[in-house]
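For reference, the structure discussed in these notes is given below.
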Amino acid sequence: MNILVVGGGAAGLMAAGTAAEQGARVTLFEKNEKVGRKLFITGKGRCNVCNDCDNETVLQNVPVNPRFLYSALGCFSAQDVKDFFEARGVPLKTERGNRVFPVSDRSADIIDALFTWNKQSGVTIVNEAVEELTAADGRVTGARAGGKTYEADAVILATGGVSYPQTGSTGDGYRFAKALGHKIVPPNGSLVPLTEAGNVCGELMGLSLRNVRLSILENDKKIYEDFGEMLFTHFGLSGPLVLSASAHMRHFGSKTYRAEIDLKPALDEKTLDKRLLSDFEKHKNSDFVNALGELLPRKMIPAVILAAGIDPRAKVHSITKEERRKLLHTLRAFPVALSGKRPVEEAIVTTGGVSVKEVSPKTMESKKTPGLYFAGEVLDVDGYTGGFNLQIAWSTGRLAGLSAAHA
(Lines give C-alpha, C1' and ligand atoms only; values in the text may rest on other atoms or scores of the structure.)
Protein backbone atom coordinates (compact mmCIF):
# COMPACT_ATOMS: atom_id res chain seq x y z
CA MET A 1 0.00 0.00 0.00
CA ASN A 2 1.48 3.34 -1.07
CA ILE A 3 0.20 6.27 1.03
CA LEU A 4 0.86 10.02 0.86
CA VAL A 5 0.24 12.18 3.96
CA VAL A 6 -0.06 15.92 3.37
CA GLY A 7 0.88 17.97 6.45
CA GLY A 8 3.42 17.25 9.18
CA GLY A 9 1.54 18.48 12.22
CA ALA A 10 0.02 16.44 15.03
CA ALA A 11 -2.60 14.66 12.90
CA GLY A 12 -0.26 14.10 9.94
CA LEU A 13 2.58 12.69 12.02
CA MET A 14 0.18 10.36 13.84
CA ALA A 15 -1.41 9.21 10.57
CA ALA A 16 1.92 8.66 8.79
CA GLY A 17 3.58 6.74 11.63
CA THR A 18 0.48 4.59 12.14
CA ALA A 19 0.17 3.67 8.45
CA ALA A 20 3.89 2.87 8.23
CA GLU A 21 3.68 0.63 11.31
CA GLN A 22 0.96 -1.33 9.48
CA GLY A 23 3.41 -2.03 6.67
CA ALA A 24 2.38 0.71 4.22
CA ARG A 25 4.94 2.65 2.20
CA VAL A 26 4.40 6.23 3.45
CA THR A 27 5.59 9.61 2.18
CA LEU A 28 4.87 12.62 4.39
CA PHE A 29 4.88 16.10 2.82
CA GLU A 30 5.68 19.09 5.06
CA LYS A 31 6.30 22.47 3.46
CA ASN A 32 8.20 23.84 6.49
CA GLU A 33 11.81 22.87 7.10
CA LYS A 34 10.76 20.91 10.19
CA VAL A 35 7.65 18.97 11.15
CA GLY A 36 5.42 19.96 14.08
CA ARG A 37 5.80 23.72 13.82
CA LYS A 38 2.39 24.50 15.29
CA LEU A 39 2.84 21.80 17.94
CA PHE A 40 5.95 23.66 19.03
CA ILE A 41 3.92 26.70 20.17
CA THR A 42 0.93 24.90 21.71
CA GLY A 43 0.37 25.33 25.44
CA LYS A 44 2.79 28.31 25.44
CA GLY A 45 5.54 26.00 24.24
CA ARG A 46 4.71 23.31 26.81
CA CYS A 47 2.29 21.29 24.62
CA ASN A 48 -1.00 20.36 26.28
CA VAL A 49 -0.93 16.81 24.86
CA CYS A 50 -4.48 15.79 25.82
CA ASN A 51 -7.00 15.93 28.64
CA ASP A 52 -6.93 13.07 31.15
CA CYS A 53 -10.60 12.13 30.89
CA ASP A 54 -12.92 9.52 29.40
CA ASN A 55 -14.30 9.67 25.87
CA GLU A 56 -17.69 10.97 26.99
CA THR A 57 -16.01 13.99 28.64
CA VAL A 58 -13.98 14.65 25.49
CA LEU A 59 -17.22 14.71 23.47
CA GLN A 60 -18.79 17.14 25.95
CA ASN A 61 -15.88 19.48 25.20
CA VAL A 62 -16.36 19.35 21.43
CA PRO A 63 -19.10 21.87 20.53
CA VAL A 64 -19.01 21.18 16.78
CA ASN A 65 -19.93 17.72 15.41
CA PRO A 66 -18.93 15.69 18.50
CA ARG A 67 -20.75 12.51 17.36
CA PHE A 68 -18.45 12.33 14.34
CA LEU A 69 -15.61 11.44 16.75
CA TYR A 70 -17.12 8.32 18.39
CA SER A 71 -15.14 5.84 16.29
CA ALA A 72 -11.94 7.89 16.33
CA LEU A 73 -11.98 8.12 20.14
CA GLY A 74 -12.84 4.45 20.38
CA CYS A 75 -9.75 3.80 18.27
CA PHE A 76 -7.42 6.11 20.23
CA SER A 77 -8.54 7.55 23.58
CA ALA A 78 -6.80 9.98 25.95
CA GLN A 79 -5.39 7.00 27.86
CA ASP A 80 -4.03 5.62 24.58
CA VAL A 81 -2.39 9.00 23.86
CA LYS A 82 -0.71 8.99 27.27
CA ASP A 83 0.46 5.40 26.87
CA PHE A 84 1.75 6.19 23.37
CA PHE A 85 4.04 9.04 24.45
CA GLU A 86 5.21 7.45 27.69
CA ALA A 87 6.14 4.28 25.76
CA ARG A 88 8.29 6.51 23.53
CA GLY A 89 10.24 8.05 26.39
CA VAL A 90 8.16 11.15 27.17
CA PRO A 91 7.00 11.10 30.83
CA LEU A 92 3.76 13.06 31.31
CA LYS A 93 2.08 14.90 34.19
CA THR A 94 -1.51 16.03 34.81
CA GLU A 95 -2.25 19.59 35.94
CA ARG A 96 -5.31 21.72 36.79
CA GLY A 97 -8.36 20.88 34.67
CA ASN A 98 -6.89 17.43 33.85
CA ARG A 99 -4.53 19.01 31.30
CA VAL A 100 -1.68 16.65 30.39
CA PHE A 101 1.83 18.02 29.67
CA PRO A 102 5.32 16.54 29.27
CA VAL A 103 7.09 16.50 32.67
CA SER A 104 9.85 18.52 30.96
CA ASP A 105 7.38 21.28 29.93
CA ARG A 106 8.97 21.11 26.47
CA SER A 107 6.78 20.70 23.38
CA ALA A 108 9.99 19.77 21.51
CA ASP A 109 9.99 16.42 23.37
CA ILE A 110 6.58 15.55 21.88
CA ILE A 111 7.72 16.54 18.37
CA ASP A 112 11.00 14.62 18.73
CA ALA A 113 9.15 11.48 19.85
CA LEU A 114 6.79 11.67 16.84
CA PHE A 115 9.61 12.44 14.40
CA THR A 116 11.80 9.57 15.67
CA TRP A 117 8.86 7.15 15.57
CA ASN A 118 8.05 8.16 11.98
CA LYS A 119 11.65 7.74 10.84
CA GLN A 120 12.02 4.38 12.61
CA SER A 121 8.75 3.20 11.06
CA GLY A 122 10.14 3.97 7.61
CA VAL A 123 8.25 7.17 6.73
CA THR A 124 9.91 9.26 4.00
CA ILE A 125 9.63 12.98 4.78
CA VAL A 126 9.63 15.36 1.83
CA ASN A 127 9.99 19.09 2.59
CA GLU A 128 7.93 20.35 -0.32
CA ALA A 129 4.55 22.07 -0.58
CA VAL A 130 1.92 19.93 -2.28
CA GLU A 131 0.47 21.91 -5.19
CA GLU A 132 -2.54 19.72 -5.95
CA LEU A 133 -3.98 16.26 -5.55
CA THR A 134 -4.42 14.08 -8.64
CA ALA A 135 -7.46 11.92 -9.36
CA ALA A 136 -8.75 9.63 -12.12
CA ASP A 137 -12.13 7.93 -12.54
CA GLY A 138 -13.34 9.63 -9.36
CA ARG A 139 -10.55 8.16 -7.22
CA VAL A 140 -7.52 9.93 -5.78
CA THR A 141 -4.28 8.83 -7.47
CA GLY A 142 -1.59 10.92 -5.79
CA ALA A 143 -0.22 14.44 -5.55
CA ARG A 144 2.03 16.96 -7.27
CA ALA A 145 4.78 18.62 -5.25
CA GLY A 146 7.95 20.43 -6.23
CA GLY A 147 7.17 19.93 -9.92
CA LYS A 148 7.03 16.16 -9.44
CA THR A 149 4.06 13.75 -9.48
CA TYR A 150 3.83 11.20 -6.67
CA GLU A 151 1.48 8.26 -7.25
CA ALA A 152 -0.42 6.66 -4.40
CA ASP A 153 -3.18 4.24 -3.44
CA ALA A 154 -4.39 6.69 -0.77
CA VAL A 155 -3.84 10.28 0.34
CA ILE A 156 -4.39 11.54 3.90
CA LEU A 157 -5.05 15.28 4.13
CA ALA A 158 -3.85 16.68 7.47
CA THR A 159 -3.11 20.26 6.48
CA GLY A 160 -4.68 22.02 9.48
CA GLY A 161 -6.94 25.06 9.27
CA VAL A 162 -6.08 28.71 8.65
CA SER A 163 -5.09 29.80 12.16
CA TYR A 164 -1.44 30.77 12.74
CA PRO A 165 -0.61 30.86 9.00
CA GLN A 166 3.07 31.49 9.85
CA THR A 167 3.19 27.83 10.98
CA GLY A 168 2.08 26.67 7.54
CA SER A 169 -1.69 26.44 8.14
CA THR A 170 -2.78 28.42 5.09
CA GLY A 171 -5.94 26.57 4.07
CA ASP A 172 -4.34 24.38 1.36
CA GLY A 173 -6.39 21.37 2.46
CA TYR A 174 -9.64 23.25 1.91
CA ARG A 175 -8.55 24.03 -1.65
CA PHE A 176 -7.57 20.41 -2.36
CA ALA A 177 -10.81 19.03 -0.87
CA LYS A 178 -12.97 21.55 -2.72
CA ALA A 179 -11.30 20.66 -6.03
CA LEU A 180 -12.39 17.06 -5.41
CA GLY A 181 -16.00 18.07 -4.75
CA HIS A 182 -16.07 18.52 -1.00
CA LYS A 183 -18.14 21.18 0.75
CA ILE A 184 -16.10 23.54 2.96
CA VAL A 185 -17.83 25.06 5.99
CA PRO A 186 -16.48 28.66 6.08
CA PRO A 187 -13.55 28.80 8.54
CA ASN A 188 -13.68 31.08 11.58
CA GLY A 189 -11.50 31.53 14.63
CA SER A 190 -12.10 29.54 17.79
CA LEU A 191 -9.91 30.08 20.86
CA VAL A 192 -9.26 33.65 19.73
CA PRO A 193 -9.08 37.13 21.38
CA LEU A 194 -12.28 39.20 21.49
CA THR A 195 -12.94 42.75 20.29
CA GLU A 196 -14.93 45.21 22.38
CA ALA A 197 -17.79 47.48 21.38
CA GLY A 198 -16.49 50.69 22.95
CA ASN A 199 -13.22 51.95 24.36
CA VAL A 200 -13.12 50.58 27.92
CA CYS A 201 -10.34 48.08 27.11
CA GLY A 202 -8.28 50.61 25.17
CA GLU A 203 -8.03 52.70 28.35
CA LEU A 204 -6.91 49.61 30.30
CA MET A 205 -4.51 48.33 27.60
CA GLY A 206 -1.68 46.22 29.01
CA LEU A 207 -3.39 45.52 32.34
CA SER A 208 -3.30 41.83 33.24
CA LEU A 209 -5.74 40.42 35.80
CA ARG A 210 -5.11 37.22 37.75
CA ASN A 211 -7.54 35.21 39.83
CA VAL A 212 -10.66 36.78 38.36
CA ARG A 213 -13.89 35.11 37.30
CA LEU A 214 -15.06 35.77 33.75
CA SER A 215 -18.68 35.28 32.69
CA ILE A 216 -19.97 35.58 29.11
CA LEU A 217 -23.59 36.51 28.50
CA GLU A 218 -25.33 35.82 25.20
CA ASN A 219 -28.50 37.95 24.90
CA ASP A 220 -28.24 38.44 28.71
CA LYS A 221 -28.12 34.67 29.38
CA LYS A 222 -24.92 33.33 30.96
CA ILE A 223 -23.31 30.77 28.63
CA TYR A 224 -19.79 30.53 30.08
CA GLU A 225 -17.96 31.07 33.37
CA ASP A 226 -14.42 30.29 34.48
CA PHE A 227 -11.67 31.48 36.80
CA GLY A 228 -8.11 32.47 35.89
CA GLU A 229 -6.07 35.08 33.99
CA MET A 230 -6.97 37.62 31.32
CA LEU A 231 -5.56 40.72 29.65
CA PHE A 232 -6.89 44.04 28.38
CA THR A 233 -5.56 45.00 24.94
CA HIS A 234 -5.96 47.94 22.55
CA PHE A 235 -8.75 46.04 20.73
CA GLY A 236 -10.48 44.24 23.60
CA LEU A 237 -9.76 41.15 25.69
CA SER A 238 -7.21 38.35 25.50
CA GLY A 239 -5.48 35.81 27.76
CA PRO A 240 -6.27 32.17 28.66
CA LEU A 241 -9.76 32.83 30.11
CA VAL A 242 -10.83 34.83 27.08
CA LEU A 243 -9.53 32.33 24.51
CA SER A 244 -11.50 29.58 26.26
CA ALA A 245 -14.62 31.75 26.35
CA SER A 246 -14.42 32.58 22.63
CA ALA A 247 -15.13 28.96 21.63
CA HIS A 248 -18.60 29.31 23.16
CA MET A 249 -19.44 32.47 21.18
CA ARG A 250 -20.64 31.43 17.73
CA HIS A 251 -23.42 33.86 16.83
CA PHE A 252 -21.90 37.34 16.52
CA GLY A 253 -24.14 39.28 14.18
CA SER A 254 -27.38 37.62 15.29
CA LYS A 255 -26.87 37.74 19.08
CA THR A 256 -25.32 40.23 21.51
CA TYR A 257 -22.44 39.33 23.83
CA ARG A 258 -21.12 40.88 27.01
CA ALA A 259 -18.30 39.94 29.34
CA GLU A 260 -18.67 40.41 33.09
CA ILE A 261 -15.54 40.26 35.23
CA ASP A 262 -15.72 39.44 38.94
CA LEU A 263 -12.68 41.33 40.20
CA LYS A 264 -12.93 39.88 43.72
CA PRO A 265 -14.22 36.29 43.36
CA ALA A 266 -12.57 35.15 46.61
CA LEU A 267 -14.86 37.45 48.68
CA ASP A 268 -18.58 36.90 49.08
CA GLU A 269 -20.82 39.96 48.82
CA LYS A 270 -21.07 40.52 52.58
CA THR A 271 -17.29 40.31 53.11
CA LEU A 272 -16.63 42.60 50.14
CA ASP A 273 -19.11 45.16 51.48
CA LYS A 274 -17.36 45.08 54.88
CA ARG A 275 -14.05 45.64 53.11
CA LEU A 276 -15.50 48.64 51.25
CA LEU A 277 -16.83 50.14 54.49
CA SER A 278 -13.41 49.68 56.12
CA ASP A 279 -11.61 51.37 53.19
CA PHE A 280 -14.19 54.16 53.12
CA GLU A 281 -13.64 54.80 56.84
CA LYS A 282 -9.87 55.07 56.29
CA HIS A 283 -10.33 57.57 53.44
CA LYS A 284 -13.54 59.31 54.53
CA ASN A 285 -12.22 62.83 53.85
CA SER A 286 -10.51 61.94 50.55
CA ASP A 287 -11.85 62.16 47.02
CA PHE A 288 -13.54 58.87 46.07
CA VAL A 289 -11.01 58.24 43.28
CA ASN A 290 -8.28 57.98 45.94
CA ALA A 291 -10.13 55.49 48.18
CA LEU A 292 -9.81 52.28 46.13
CA GLY A 293 -6.02 51.96 45.84
CA GLU A 294 -5.83 49.00 48.23
CA LEU A 295 -8.66 47.17 46.48
CA LEU A 296 -7.87 47.52 42.77
CA PRO A 297 -4.94 47.98 40.37
CA ARG A 298 -4.46 51.75 39.91
CA LYS A 299 -5.20 51.60 36.19
CA MET A 300 -8.55 49.90 36.87
CA ILE A 301 -9.91 52.47 39.35
CA PRO A 302 -11.23 55.17 36.92
CA ALA A 303 -12.93 52.51 34.75
CA VAL A 304 -14.68 50.90 37.74
CA ILE A 305 -15.85 54.29 39.06
CA LEU A 306 -17.17 55.24 35.62
CA ALA A 307 -19.01 51.92 35.25
CA ALA A 308 -20.53 52.38 38.73
CA GLY A 309 -21.70 55.89 37.79
CA ILE A 310 -20.13 57.65 40.80
CA ASP A 311 -18.50 61.11 40.77
CA PRO A 312 -14.75 60.42 41.18
CA ARG A 313 -14.29 63.77 42.97
CA ALA A 314 -17.07 63.19 45.52
CA LYS A 315 -15.82 62.99 49.10
CA VAL A 316 -15.87 59.43 50.40
CA HIS A 317 -18.03 60.38 53.42
CA SER A 318 -20.73 61.60 51.01
CA ILE A 319 -21.05 58.28 49.11
CA THR A 320 -24.58 56.98 49.59
CA LYS A 321 -25.59 53.42 50.43
CA GLU A 322 -27.10 53.12 46.92
CA GLU A 323 -23.81 54.25 45.32
CA ARG A 324 -21.91 51.76 47.45
CA ARG A 325 -24.32 49.04 46.24
CA LYS A 326 -23.63 50.04 42.61
CA LEU A 327 -19.88 49.91 43.26
CA LEU A 328 -20.26 46.47 44.83
CA HIS A 329 -22.16 45.24 41.78
CA THR A 330 -19.50 46.67 39.42
CA LEU A 331 -16.70 44.94 41.33
CA ARG A 332 -18.57 41.64 40.99
CA ALA A 333 -19.59 42.15 37.34
CA PHE A 334 -17.39 44.72 35.58
CA PRO A 335 -19.01 44.91 32.12
CA VAL A 336 -17.35 44.86 28.69
CA ALA A 337 -19.63 44.89 25.62
CA LEU A 338 -18.19 42.66 22.89
CA SER A 339 -18.44 43.22 19.14
CA GLY A 340 -16.74 40.12 17.71
CA LYS A 341 -13.61 38.00 17.43
CA ARG A 342 -10.18 38.89 16.13
CA PRO A 343 -9.27 37.55 12.64
CA VAL A 344 -9.03 33.78 12.21
CA GLU A 345 -5.27 34.14 11.58
CA GLU A 346 -4.88 35.06 15.28
CA ALA A 347 -6.88 32.05 16.50
CA ILE A 348 -5.32 28.98 18.10
CA VAL A 349 -7.85 26.75 16.34
CA THR A 350 -10.08 27.01 13.28
CA THR A 351 -13.76 26.14 13.44
CA GLY A 352 -15.16 25.16 10.05
CA GLY A 353 -13.46 23.18 7.31
CA VAL A 354 -14.27 20.00 5.37
CA SER A 355 -17.90 19.07 6.06
CA VAL A 356 -18.00 15.88 8.14
CA LYS A 357 -21.24 14.86 6.39
CA GLU A 358 -19.04 13.91 3.43
CA VAL A 359 -16.51 11.90 5.48
CA SER A 360 -17.00 8.42 6.96
CA PRO A 361 -16.66 8.66 10.77
CA LYS A 362 -15.67 4.96 10.91
CA THR A 363 -12.65 5.34 8.61
CA MET A 364 -12.06 9.10 7.95
CA GLU A 365 -12.35 8.31 4.22
CA SER A 366 -14.10 10.68 1.84
CA LYS A 367 -17.59 9.59 0.83
CA LYS A 368 -17.04 11.42 -2.47
CA THR A 369 -13.52 10.43 -3.51
CA PRO A 370 -12.33 6.91 -2.64
CA GLY A 371 -8.76 6.79 -1.39
CA LEU A 372 -8.91 10.28 0.13
CA TYR A 373 -8.78 10.50 3.95
CA PHE A 374 -8.89 13.42 6.38
CA ALA A 375 -7.38 14.02 9.82
CA GLY A 376 -7.18 16.88 12.31
CA GLU A 377 -8.13 20.52 12.03
CA VAL A 378 -8.88 20.42 8.29
CA LEU A 379 -12.19 18.80 9.33
CA ASP A 380 -15.15 20.78 10.66
CA VAL A 381 -14.64 19.56 14.25
CA ASP A 382 -13.11 21.58 17.07
CA GLY A 383 -12.94 21.48 20.85
CA TYR A 384 -12.56 23.78 23.79
CA THR A 385 -9.15 24.56 25.25
CA GLY A 386 -7.54 22.02 27.59
CA GLY A 387 -6.00 19.44 25.26
CA PHE A 388 -9.20 18.54 23.40
CA ASN A 389 -8.10 19.82 19.99
CA LEU A 390 -4.89 17.80 20.09
CA GLN A 391 -6.95 14.78 21.14
CA ILE A 392 -9.04 15.26 17.98
CA ALA A 393 -5.82 15.39 15.94
CA TRP A 394 -4.33 12.23 17.52
CA SER A 395 -7.58 10.21 17.29
CA THR A 396 -8.52 11.14 13.71
CA GLY A 397 -4.90 10.79 12.60
CA ARG A 398 -4.65 7.32 14.12
CA LEU A 399 -7.93 6.17 12.56
CA ALA A 400 -7.06 7.62 9.13
CA GLY A 401 -3.64 5.92 9.20
CA LEU A 402 -5.09 2.54 10.14
CA SER A 403 -7.95 2.79 7.63
CA ALA A 404 -5.76 3.86 4.71
CA ALA A 405 -3.20 1.12 5.41
CA HIS A 406 -5.88 -1.59 5.48
CA ALA A 407 -8.06 -0.34 2.62
Side-chain angles (χ1 to χ4, degrees), residues 48 51 57 59-66 96-99 163 187-205 207-269 272 296-297 300 303-304 306-308 328-344 346-352 381-389:
N48 183 182
N51 195 283
T57 305
L59 295 172
Q60 286 164 13
N61 283 275
V62 177
V64 177
N65 299 317
R96 185 177 74 84
N98 293 326
R99 290 166 160 85
S163 55
N188 285 299
S190 184
L191 308 185
V192 65
L194 300 170
T195 55
E196 70 160 327
N199 59 357
V200 173
C201 300
E203 300 288 324
L204 298 171
M205 181 174 68
L207 177 64
S208 179
L209 299 178
R210 290 174 173 232
N211 304 322
V212 294
R213 183 176 288 114
L214 175 70
S215 300
I216 298 293
L217 290 90
E218 180 183 83
N219 288 354
D220 291 326
K221 181 187 172 190
K222 190 185 289 185
I223 58 163
Y224 173 85
E225 182 180 271
D226 204 1
F227 177 87
E229 293 177 43
M230 57 176 292
L231 172 73
F232 292 102
T233 70
H234 66 285
F235 56 76
L237 302 173
S238 190
L241 265 184
V242 174
L243 297 182
S244 298
S246 71
H248 298 254
M249 305 162 73
R250 295 174 180 266
H251 305 289
F252 278 107
S254 60
K255 296 185 180 180
T256 60
Y257 290 94
R258 173 173 90 251
E260 288 185 351
I261 306 160
D262 185 346
L263 298 163
K264 294 291 166 187
L267 304 178
D268 62 34
E269 205 142 316
L272 183 55
L296 292 168
M300 190 95 212
V304 166
L306 182 66
L328 194 64
H329 175 73
T330 304
L331 291 170
R332 300 313 296 264
F334 180 78
V336 178
L338 298 167
S339 60
K341 298 178 180 181
R342 290 291 284 176
V344 64
E346 294 178 33
I348 292 175
V349 170
T350 307
T351 183
V381 190
D382 62 280
Y384 297 139
T385 187
F388 299 106
N389 287 293

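Computed from heavy atoms alone, side chains included, the values below leave out hydrogens, waters and symmetry copies.
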- Task: Kindly give the heavy-atom pair with the smallest separation between V192 and R342, and that separation in Å.
- Result: CG2-O, 3.6 Å
- Looking only at heavy atoms, which two atoms of S190 and D382 are closest? And how far apart? OG-OD2, 3.5 Å
- Report the C-alpha separation of V62 and V381 in whole Å, then their side-chain angles, then the decisive distance to 0.1 Å, and conclude whether the side-chain contact (heavy atoms from CB on, under 4.5 Å) test is met. CA-CA 7 Å; V62 177; V381 190; 3.7 Å; yes
- Given L209, V212, T385, the one that forms side-chain contact (heavy atoms from CB on, under 4.5 Å) with L241: V212
- Note on the structure: To the nearest 0.5 Å, atom OG1 of T330 lies from atom CG of D262 at 11.5 Å
- Task: Measure the shortest side-chain to side-chain distance between N188 and K341 over non-hydrogen atoms and say whether it is less than 4.5 angstrom.
- Result: no
- Task: Answer yes or no: is there a side-chain heavy-atom contact under 4.5 Å between L331 and V304?
- Result: yes
- Query: I223 versus Y257: any side-chain heavy-atom pair under 4.5 Å?
  - Reply: yes
- Task: Would you please test R332 and L272 for side-chain contact (heavy atoms from CB on, under 4.5 Å) and show each step?
- Result: CA-CA 9 Å; R332 300 313 296 264; L272 183 55; 3.4 Å; yes
- So do L214 and E225 actually touch side chain to side chain, heavy atoms under 4.5 Å? no
- Query: Taking side chain as C-beta onward, heavy atoms only, is F235 less than 4.5 Å from P193?
  - Reply: yes
- Could you check whether the rings of Y384 and H248 sit parallel, tilted or perpendicular, using 30° and 60° as the cut-offs? parallel
- Do side-chain atoms of E218 reach the backbone of K222 as a donor and acceptor pair under 3.5 angstrom? no
- Message: Between M230 and L237, is the side-chain contact (heavy atoms from CB on, under 4.5 Å) condition met? List the steps.
- Response: CA-CA 7 Å; M230 57 176 292; L237 302 173; 3.6 Å; yes
- Sub-3.5 Å donor-acceptor pair from the side chain of N389 to the main-chain atoms of G383, do we have one? yes
- Item | Residue pair Y224 / S215, side-chain heavy-atom distance below 4.5 Å | no
- Item | OG on S208 to CD on E229, rounded to 0.5 Å | 6.0 Å
- Task: Look up atom CE in M205 and atom CG in L231, then write down how far apart they are to the nearest 0.5 Å.
- Result: 10.0 Å
- Which atoms form the tightest heavy-atom contact between N51 and G97, and what is the distance? ND2-O, 3.0 Å
- Message: Can you give me the closest heavy-atom contact between F334 and A307, atom names plus distance?
- Response: CE1-CB, 4.1 Å
- Task: Using the side-chain contact (heavy atoms from CB on, under 4.5 Å) rule, take I261 and R213 through it: C-alpha gap first, then chi angles, then the decisive distance, then the call.
- Result: CA-CA 6 Å; I261 306 160; R213 183 176 288 114; over 6 Å; no
- Query: Can you check whether L296's main-chain N or O pairs, donor with acceptor, with K264's side chain at less than 3.5 Å?
  - Reply: no
- For L204 and F232, the nearest pair of non-hydrogen atoms, with its separation, is O-CB, 3.3 Å
- Query: How far does CD of E203 sit from CE of M300, to the nearest 0.5 angstrom?
  - Reply: 12.0 Å
- Task: Verify the distance criterion only: is there a donor paired with an acceptor across the side chains of T351 and R250 at less than 3.5 Å?
- Result: yes
- Pick one: which of L338, D220, N219, V336 meets side-chain contact (heavy atoms from CB on, under 4.5 Å) with R258? D220
- Would you name the heavy atoms of S246 and L194 that are closest together and state the gap between them? CB-CD2, 3.9 Å
- Query: If we ignore angles and hydrogens, is there a donor and acceptor under 3.5 Å between the side chains of S339 and T195?
  - Reply: yes
